[in-house]
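Order of the sequence lines fixes the chain letters, A, B, ..., with proteins taken first and strands second; residue numbering starts at 1 for each chain. Below, all heavy atoms of this structure are taken into account, side chains as well, without hydrogens, waters or symmetry copies.
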Amino acid sequence: MKKVLDKQFFNRKTLAVARDLLGKYLVRKTGKKIRRYKITEVEGYVGSHDLASHSSKGKTERNEVMFGEAGRFYIYLVYGMYYMLNVVTEKKDYPSAILIRGVEGLSGPGVITRELKINKKFNGKSASRKTRLWFEDGGKINPRKIKKTPRIGVHYAGPVWSKKPYRFILEE
DNA sequence: ACGATGATGAAC
DNA sequence: TTCATCATCGTA
């Protein structure tokens, strides 16, 4: 039985957690069926000073879970059609999260939530077997296969923050 | 290159 | 209450 990643895992520096999530597994249980997906692409959103982060506008109804405990899901709707799957990191009141952008076999954050049937009901829930959506440990990965690039779709964050290399990709 | 589609936050 | 914007995707 693989180890389930707990609050301790996520209660660390966001960018460290983001790197560490590559090669780990996103696990979804629907009915009796369990599916496991190796995580291949993530983005860090790193505190209220990060102008690309929803939390840079302060606490609102939408983003309040970012201000809460690590290891919970932050789910929101973009473009009226797609849910984004994030997991909250760092200590309470340090608003930060990681967007799961890609897993093996599924490319794109909107595709992941559509395929895994993830919606706003998961917002604020802890990642655990109980919620039927969780993370598990994976095998060792080669650190040389981790690529860093700027985040996607965050031009609004301005010249500095839109270019921060907070997107992590696991090359095959 | 662009339209689908609706919640969100800020302005008024 | 209105308005512009949006951490996207599939079709063209």
Side-chain angles (χ1 to χ4, degrees), chain A residues 5 9-26 28 35 37-90 93-127 131 133-135 146-171:
Chain A
L5 303 185
F9 177 87
F10 296 101
N11 187 17
R12 296 183 291 136
K13 289 283 189 184
T14 303
L15 299 182
V17 179
R19 276 192 302 268
D20 289 349
L21 268 181
L22 295 176
K24 302 288 192 296
Y25 289 85
L26 175 65
R28 175 71 165 121
R35 287 176 283 172
Y37 300 87
K38 185 185 279 191
I39 297 170
T40 56
E41 182 183 349
V42 296
E43 282 176 2
Y45 290 85
V46 142
S48 51
H49 58 289
D50 177 357
L51 297 184
S53 175
H54 290 170
S55 62
S56 66
K57 296 183 175 178
K59 193 188 281 188
T60 67
E61 196 172 357
R62 176 174 66 166
N63 69 18
E64 73 171 312
V65 355
M66 291 186 82
F67 291 75
E69 289 180 19
R72 300 188 178 220
F73 296 115
Y74 169 44
I75 314 284
Y76 64 90
L77 187 69
V78 263
Y79 302 114
M81 313 184 77
Y82 301 102
Y83 291 104
M84 298 289 104
L85 169 63
N86 298 253
V87 57
V88 175
T89 54
E90 311 216 24
D93 294 320
Y94 190 92
S96 52
I98 293 166
L99 171 64
I100 310 298
R101 283 196 70 86
V103 299
E104 214 165 60
L106 299 175
S107 181
V111 174
I112 292 174
T113 52
R114 194 184 62 200
E115 291 300 309
L116 302 201
K117 304 200 190 314
I118 294 166
N119 57 39
K120 241 187 153 168
K121 289 178 188 170
F122 287 92
N123 190 48
K125 299 272 174 62
S126 292
T131 54
L133 182 61
W134 67 95
F135 297 92
I146 298 177
K147 192 169 129 193
K148 287 162 56 165
T149 83
R151 292 170 291 186
I152 303 298
V154 296
H155 54 87
Y156 58 83
V160 175
W161 286 96
S162 66
K163 291 175 187 149
K164 295 276 188 186
Y166 291 173
R167 176 174 176 233
F168 300 88
I169 302 170
L170 180 62
E171 295 178 323

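Nucleotide B:dT8 has C:dA4 as its partner under the Watson-Crick or G-U criteria, with both atom distances under 3.5 Å.
Between A:Lys120 and B:dT8 there is a side-chain N or O to OP1 or OP2 distance below 4.0 Å. Residue A:Arg101 has a polar side-chain atom (N or O) positioned under 4.0 Å from OP1 or OP2 of C:dT8. At the phosphate of B:dA7, neither OP1 nor OP2 sits under 4.0 Å from any side-chain N or O atom of A:Arg62. Look at A:Tyr156 and you'll find a side-chain N or O under 4.0 angstrom from OP1 or OP2 of C:dA7.
Put simply, NE2 on A:His155 is 9 Å from P on C:dT8, counting in whole angstrom units. Atom pair A:Lys57:NZ and C:dT5:P shows a separation of 11 Å (rounding to whole Å applied). The distance from atom OH of A:Tyr82 to atom C1' of B:dA7 is 16 Å, rounded to the nearest whole Å.
A salt bridge is absent between A:Arg12 and A:Glu90; no separation between the charged side-chain nitrogens and carboxylate oxygens falls under 4.0 Å.
Side-chain polar atoms of A:Ser96 and A:Thr89 form a donor-acceptor pair below 3.5 angstrom. Checked by atom type, the side-chain pair A:Arg72/A:Tyr74 shows no donor-acceptor distance below 3.5 Å.
Checked against the 6.0 Å centroid criterion, the rings of A:Phe10 and A:Phe135 qualify as a close aromatic pair.
Residue contacts shown for A:Gly80 include a base, since a base heavy atom lies under 4.0 Å away. Among the atoms of the strands shown, only primed sugar atoms or phosphate atoms (P, OP1, OP2) are found under 4.0 Å from some heavy atom of A:Met84.
Stacking between A:Tyr79 and B:dG6 is absent: the aromatic ring centre is not both under 5.5 angstrom from the base six-membered ring centre and within 30 degrees in plane angle.
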